[in-house]
Each structure stands twice: as structure tokens, then as C-alpha cells.
Amino acid sequence: KPEDAKKENTTEPEPAKPAEVIKGSLKKHEFQAETRKLLDIVANSLYSEKEVFVREVISNASDALEKLRYLQATNAETYAGSKGQPLQIRIDLDEAANTFTVQDTGVGMTEAELIKNLGTIAHSGSKTFVAESSKSGVSKDNIIGQFGVGFYSTFMVGKTVTVYSRSAAENAKGYVWISDGSGAYELAEADNVAIGTKIVVQLKAEEAKYASKTVIEDIIRKYSNFVGFSIFLNNELVNTLQPVWTMDPKSVTAEMHTEFYRFIADTYDEPTFTLQYRTDSPLNIRSVFYFPQTHMEKFGMGRMEPGVSLYSRKVLIQPKSKQLLPEWLRFVRGVVDSEDLPLNLSREILQNNLLINKLKSVLTTRILRFLQEQVKKDATKYDAFFNDFGNFLREGVCTDPQNKGDIAKLLRFESSKTEDGKKIGLEEYVARNASETAASSTEAGAADAAKDTKAPIYYLCVPSRELAKQSPYFESFQKRDIEVLFLYEPLDDIVMQNLQEFAGRRVVSIESSKADDSKED
Ligand SMILES: Nc1nc(Cl)c2cnn(Cc3ccc(Br)cc3F)c2n1
């Protein structure tokens, strides 16, 4: 695990091993037509950014390590031979030779798997794959990862790819697989092949940047920073941050959250609030959300980008996704990881959208409940947060009808009965004006009558308390000791018009005709 590797010194010089040697002669194999079509798509048109080949080979390596760890635990005797090796991923770059090499000490491949792994996958998925990948709404980059055909993305940047692999099963032989990504590959037995898989990409001349350490380091940090195995780049440990969202919340310290928050939010402040949320139903979710201390929109510095990234099994799928939370929650930073989001082609894209929408509504509800808990926990701290972020919540009342009732509970106002500067919420207002019944009940249907029999929530839009006191409208309410909310924020008028009612009570401005009812008592 990366945290274990931290104890090992991070620049571990790898003892030189004898180079692999081909045994016998290379045998040529033609790809089946199916496979070739699929692999052409992968190597040429599928990915929006070529850099994702790094993510794909690291994900395959991570899966191979995961698989070996499982087999060592369940078939100890068969896999005893591999016990000596640390489970890790090494990437070595050679600018002179213009090569990118990734090696894992994972379960490795037998000769049959080297042949099968590309063929069958292509065979099983290629029709749906080709059909869906053209219309898929979800970013295509992630679909390949599911097939493990991600390996073939190396041909986006490689003119020749050589794979050395030896299965971790006892007495397995080592093999070498070579291809230029066209219709064929060569295969032979080889000596000095370490258990696991080593992929040597001879880079195209125009892709030499992928032999640069800084380029590859940035790509690893972007996509694969939380892979559960140590990743060494030119013998230096790269992935040191822990995937806090997958850890037991009790074992994550505030410092770990702050470090992680600063990494994902690319900022230096600390989160005001932290929510770590995990559930297995209605779908698997491991998530963490941070509420920043400050934001730029209040200075009119333009609209903030959403800040929650979508991962699947610790691998970045969609950075700063726009689909995970409603727009008015764009100030929230964090990570959502769900194993249930296969993004693969067997499900209708529509279903994926249903999955994403289900995820969005579960997350939004949980965040609203969390913020309501913060109001009760520390109203002063919450009010400070509300002073800075209140406009996002006001926007939510106006743009998210499904959640507007719950968002309204988070709004805070001064009133004719609060001390100057002190705020209350709508629930508090309702609770202490519950005894009131409205003066007149109309002949309208039962529902309306219910609404009318409960005293409305009265408010006054006014720049300050002093001006409220001078308002002729307010005078009559003051005389009858009826509490009136003071809305100092211009936006609040629109918010209240959008809200219309709360907890079964109409929300009424004392400057409007509707408030006249109260004069009849
Ligand atoms: N690292 C790693 N380890 C394992 Cl166990 C597997 C199994 N499949 N793949 C993908 C793949 C498939 C065919 C060829 Br040729 C190369 C290749 F990387 C793997 N990659």
C-alpha cells in the first residue's frame, strides 16, 4: 500500500535484472477481423486525450496486482512462488531510447491469456461496443477500461509495443508478445521474464513527451493518484496521497482531510465542513465532500466550476463532473466513487443516466441533511458559512424545485424578534408562531383552508432593521406582536416569491395585498 511504501525510502534503486531473452523463434499470429476493427477504434479514434493510455495501463496493472493478492490469499500453494515480490507498479522512462515502460508484479498472463485477452474481449463486446461507443453519452474514455482492452490504447502513442509476461502460477513460463498495432502480433517463449507483466512502448517520434518524467508524473497524479498500490516513476514513489473516501471515517484525521482537500480543490485553505458519506444501497457510494472557506463568485470573478470528481474503484473517471450534483452546489469539492457505475456498454446509456440521476438525488439529499445538522450543531458557525455561501442556497430555492423545501430550511434571516445581527431559520419562525392562526379562513378547498388556517410566514424586504422600524407596513404587525422576517438581501425577495409556501404556510410580504387579511381580526 502506498502508506507502507512511505516507510520504504521513496527512491528505491531497483537491483538490475538480466534482460529478457527470446527462446526459440517468434511465431506470427493474425488478429481476427473482429479484434482488429475494435483495436483500430481504440488505437485511433476512441479517446479524446491520448494521455489516458497511462491511466489504462496502470489500471490493468492495479487489477493484476489485486487479482494476485486475492489468489495468494485463496490459493496459497499455487501462488507461493510470487510471495517474495512486493506488489507494486514501476514506470521507467528512457528519453534517449524514447520508450515508456510499465511493469507490475501482478498475476501475469499465460500464453493462452496473451492470445485470448485481446481476442475474446473484442469478440464478446465489439458489436455492442462499436454501436454504443458512437452514441454513448458517457465519456467514451472510460468504457475501454472496463474491457481491459485499455492496454491497446498504448498504440495511440507507440509504434511498437512489446509485452513480457509470466503468470504467477507455479512453473509458468515467461512469454514475449510484440506488435506494431496493425493486424498481427508475434509471440514466443522468453527467459528472465519476471512474474507479472512488463509493457515496453516504443514511442512514436511525435509522442516523445511521454518519455518525460514531469509529463508522466502529472498524468499519474491526475488519474491514478489513488491506485491502491505503490507507483514508482524512475524509482521515485509518486502516489502518496491516500484515498480518504474509501477509508473508515473514524480513521481519517482532520489533517488527512485537509491534505486531500487541498489536493483536489487545488487550494490552500481548510474546509469549513467535511462530510464523508458511504452507503451500499440504493447503490454503492464511497464519497467525501468539502465545503470551502471562501469562494470567488462573491467578487464577481465568474462562475465556479463544479468541484466533485467521479471515480470508480479509485480511478478517476470524470474530473469535476457536472452531473453529480445540481448546479447550485457547484461550490462543493470532493470525490464520489461508485463501483456500480460500470460505464460499460452492457447497460443502456439511458440506464447509466438513470444511475447518475439516482446518484445525484441521493447525494443532494444527504448534503442537505448534513447542512441542516450543522445549523443545529453550531448556528454561529453555520451563519458565517451562510453569509458567504447563502447566494448558492438562494439560487437552489429558485432552480431546484425538487429540493426547494429542504433548501429553504437552510436559509437564515433576521427578524423583528431577533437581536440585531442574530438570525433564525424558517423552522424556528414557524415553531414560535405555531400558535397563531390566520385571521380569516377562506371558502377555498381543504388544502387551501389548511394553508389559510395556519398563520402565514410574514416578511419585509428592507435594507436594514432601522428602516424596517420606520416602515408603515411593519407598524401594524409590531402593534400585534406578530414576528416579521427582515430580508436585507435583495435576492431574498425573489427567493420568497419562488418559495411561495413553507411547512404548509404561505410566505407573504407584509407589503403585499395578501397580508391585509391580518388586518381583519
Ligand atoms: N498488466 C496486465 N496484467 C494482466 Cl494479468 C493482464 C490481463 N490482461 N491485460 C491487458 C492485456 C491484454 C493483452 C495483452 Br498482449 C497485454 C495486456 F496488457 C493485462 N495487463
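Because only heavy atoms are used, hydrogens play no part in the values below, and waters and symmetry mates are left out as well, while side chains stay in. In this chain, numbering begins with 1 at the start of the sequence shown. What you see is a predicted model; the values in this text were computed from it and never measured. In listed order, ligands and their atoms are each counted from 1.
Considering backbone and side-chain atoms together, Asp104 places an N or O closer than 3.5 Å to an N or O of ligand 1.
Ring centroid separation for the pair Phe392 and Trp328 does not come in under the 6.0 Å cut-off. Taking the six-membered ring for Trp, Tyr277 and Phe370 have ring centres at least 6.0 Å apart.
Near Ala64, meaning under 4.0 Å from any of its heavy atoms, are these atoms of ligand 1: 3 (N), 4 (C), 5 (Cl). Close contacts between ligand 1 and Ile199 involve ligand atoms 18 (F) [criterion: under 4.0 Å to a heavy atom]. Residue Val107 approaches ligand 1 through these ligand atoms, each under 4.0 Å from one of its heavy atoms: 5 (Cl).
Checked by atom type, the side-chain pair Asp63/Asn60 shows no donor-acceptor distance below 3.5 Å.
A heavy-atom distance below 4.5 Å is found between the side chains of Ile91 and Phe100.
Residue nearest to atom 19 (C) of ligand 1, selected from Lys116, Met109, Glu113, Gln103: Met109 (by heavy-atom distance).
Residue Gly108 places a heavy atom less than 4.0 Å from ligand 1.
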Q.
Could you walk me through whether Asp280 and Arg286 satisfy the salt bridge (charged side-chain N to carboxylate O under 4.0 Å, His left out) test, starting with their C-alpha distance in whole Å, then the side-chain angles of each, then the deciding distance to 0.1 Å, before giving a yes or no?
A. CA-CA 9 Å; Asp280 289 311; Arg286 296 287 180 271; 3.3 Å; yes
